[in-house]
Amino acid sequence: MNINNHIHHTIGIIPQLLLALPFIMAFVMYILAVIVSNRRQKPWPIYRTVYWAFGILFAIISVAGPLADRAHVDFAAHMFGHLFLGMLAPLLFTLAAPMTLMLRTLSVPLARKISKFLRSWPSRMYTNPVVASFLNIGGLWLLYTTDLYSLMHKSILLHIIVHFHVFLAGYLFTVSMIYIDPIPHRTSFLYRAIVFVIALAGHGILSKYIYANPPHGVPADQAELGGMVMYYGGDMIDIVIIFILCLHWFRATRPRIKLA
């Protein structure tokens, strides 16, 4: 290992621990909630627990371990981490329906407080597809078209903030597009579909921009590979979201057969 790699590895230990710990805690809390829910009500679907476990796994892989170490010196590795943390993990978390599980296990007073928050204006604003898309795609444009990408590798605090933003923005974007958990402020399928297509275009254009215009400090060959990872990897995850959105749309609008 050369001196640069050693330095990157050393400064990466602290943020890796700080970034991984919340996901570990989230996994433990989810499992405890499943146990409580199974005792009080009907069994919680196993497949949702599997979604949560894999979501936690991909989130931790992206912020701690070999891939996170490699991401400091390899832009393609960084982009795989972006896909895992900002797209795949949020999708798996959404499919795990954590809010539904929480409302099932909390006491009635606490569940009412959570429901009140879900109906509040901040929840309405941040789960609006336009706002969520701006935070998600706009944040990526800011990261890769300014000096923010290089600065995040020099500051532990900025490194942590950027990674949490990537995850939270990705999660808000996903829950604003497909409704698995209860969402009081729902928008129409057509509205979500239009915003989603625009967001897809923004993500695709950014990946091509990265391919042709590497972020500061990124070699051209790494930028080209990273851009392709972002473009094709993002499309694979987006296809799943499109399928779920269209499936929900079909189920909600299909004609009902009237029995004589």
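For reference, positions follow the sequence shown, starting with 1.
Note on residues 41-52: pairs passing side chain to side chain donor-acceptor pair (under 3.5 Å), not counting sequence neighbours, are Tyr30-Trp44. Sequence neighbours left out, the pairs with a member in residues 71-84 that pass salt bridge (charged side-chain N to carboxylate O under 4.0 Å, His left out) are Arg70-Asp74.
How far CZ of Phe58 is from CD1 of Ile61: 6.0 Å, rounded to the nearest 0.5 Å. Rounded to the nearest 0.5 Å, atoms CG (Asn128) and CG (Leu172) are 11.0 Å apart. The distance from atom CE of Met87 to atom CG of Asp238, rounded to the nearest 0.5 Å, is 4.0 Å. Taking CG from Leu200 and OG from Ser133, the interatomic distance works out to 9.0 Å, rounded to the nearest 0.5 Å. With rounding to the nearest 0.5 angstrom, the CG atom of Leu158 is 5.5 Å from the CG atom of Leu148. From Leu17, atom CG reaches atom CD1 of Ile160 across 10.0 Å, with rounding to the nearest 0.5 Å.
Contact detail for Gly55 and Ala89: the closest heavy-atom pair is O-CB, 3.6 Å. The two residues His203 and Gly234 have their closest heavy-atom pair at CE1-CA, 4.3 Å. The two residues Ser150 and His216 have their closest heavy-atom pair at OG-CD2, 3.8 Å. Between Phe23 and Ile56 the shortest heavy-atom distance is O-CD1, 3.2 Å. Of all heavy-atom pairs spanning Arg192 and Ser176, the tightest one is CD-O, 3.3 Å. The minimum heavy-atom distance between Leu135 and His165, with the atom names listed, is O-NE2, 3.1 Å.
More than 12 non-hydrogen atoms from other residues, nucleotides or ligands lie less than 6.0 angstrom from CZ of Arg186. Within 6.0 Å of CE on Met236 lie no more than 12 heavy atoms contributed by other residues, nucleotides or ligands. When the shell of 6.0 Å around CZ of Phe134 is examined, it contains 12 or fewer heavy atoms from other residues, nucleotides or ligands. Surrounding CZ of Phe54 are at most 12 heavy atoms belonging to other residues, nucleotides or ligands under 6.0 Å away. For OH of Tyr191, the number of neighbouring non-hydrogen atoms (other residues, nucleotides, ligands) closer than 6.0 Å is greater than 12.
Looking only at side-chain heavy atoms (C-beta outward), Trp141 and Ile205 come within less than 4.5 Å of each other. Side-chain contact check for Leu190 versus Trp249: some heavy-atom pair is nearer than 4.5 Å. Looking only at side-chain heavy atoms (C-beta outward), His159 and Leu19 come within less than 4.5 Å of each other. Using a 4.5 Å heavy-atom threshold, the side chains of His82 and Val229 count as separate. Looking at Leu88 and Leu83, their side chains never come closer than 4.5 Å, going by heavy atoms from C-beta outward. Side-chain contact between Pro129 and Phe196 is absent, with no heavy-atom pair separated by less than 4.5 Å. The shortest distance between side-chain heavy atoms of Pro66 and Asp69 does not fall below 4.5 Å. Taking 4.5 Å as the limit, every side-chain heavy atom of Phe75 sits out of range of all side-chain heavy atoms of Pro219.
Without hydrogens or angle criteria, Glu224 side chain to Ala212 main chain gives no donor-acceptor distance under 3.5 Å. Distance alone, capped at 3.5 Å, places no donor-acceptor pair between the His163 side chain and the Pro15 backbone. Between the side chain of Ser123 and the main chain of Arg119, no donor-acceptor pair closer than 3.5 Å is present. One N or O on the side chain of Ser62 and one on the backbone of Ala59 form a donor-acceptor pair closer than 3.5 Å.
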> Between Tyr171 and Asn136, is a side-chain hydrogen bond (donor to acceptor under 3.5 Å, both in side chains) present by the stated rule, with each step listed?
Replying inline: CA-CA 9 Å; Tyr171 181 73; Asn136 188 27; over 6 Å; no
>> Could you walk me through whether His153 and His72 satisfy the side-chain hydrogen bond (donor to acceptor under 3.5 Å, both in side chains) test, starting with their C-alpha distance in whole Å, then the side-chain angles of each, then the deciding distance to 0.1 Å, before giving a yes or no?
In response: CA-CA 7 Å; His153 292 289; His72 287 291; 3.3 Å; yes
> Please walk me through it: do Tyr179 and Thr94 pass side-chain hydrogen bond (donor to acceptor under 3.5 Å, both in side chains)?
Replying inline: CA-CA 8 Å; Tyr179 297 153; Thr94 301; over 6 Å; no
> Is there a side chain to side chain contact (heavy atoms under 4.5 Å, CB included) between Ile210 and Met79 once you walk through the steps?
Replying inline: CA-CA 11 Å; Ile210 291 172; Met79 197 55 70; 4.2 Å; yes
> Are Met230 and Asp235 close enough, and set up right, to give a side chain to side chain contact (heavy atoms under 4.5 Å, CB included), and what steps lead you there?
Replying inline: CA-CA 8 Å; Met230 182 178 182; Asp235 279 355; over 6 Å; no
> Given Leu206 and Ile137, is the side chain to side chain contact (heavy atoms under 4.5 Å, CB included) satisfied, shown in steps?
Replying inline: CA-CA 9 Å; Leu206 176 59; Ile137 308 302; 5.7 Å; no
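In this structure, Arg112 forms no cation-pi arrangement with Phe117, as its terminal cationic atom is not both closer than 6.0 Å to the ring centre and no more than 45° off the ring axis.
His78 and Tyr149 have perpendicular rings, their planes meeting at more than 60° on a 0 to 90° scale where under 30° would count as parallel.
Within the 6.0 Å centre-distance limit, the rings of Phe167 and Phe93 are counted as a close aromatic pair.
When each of Leu247, Leu91, Val240, Ile183 is paired with Ile178, the side-chain contact (heavy atoms from CB on, under 4.5 Å) condition holds for Leu91 and for no other.
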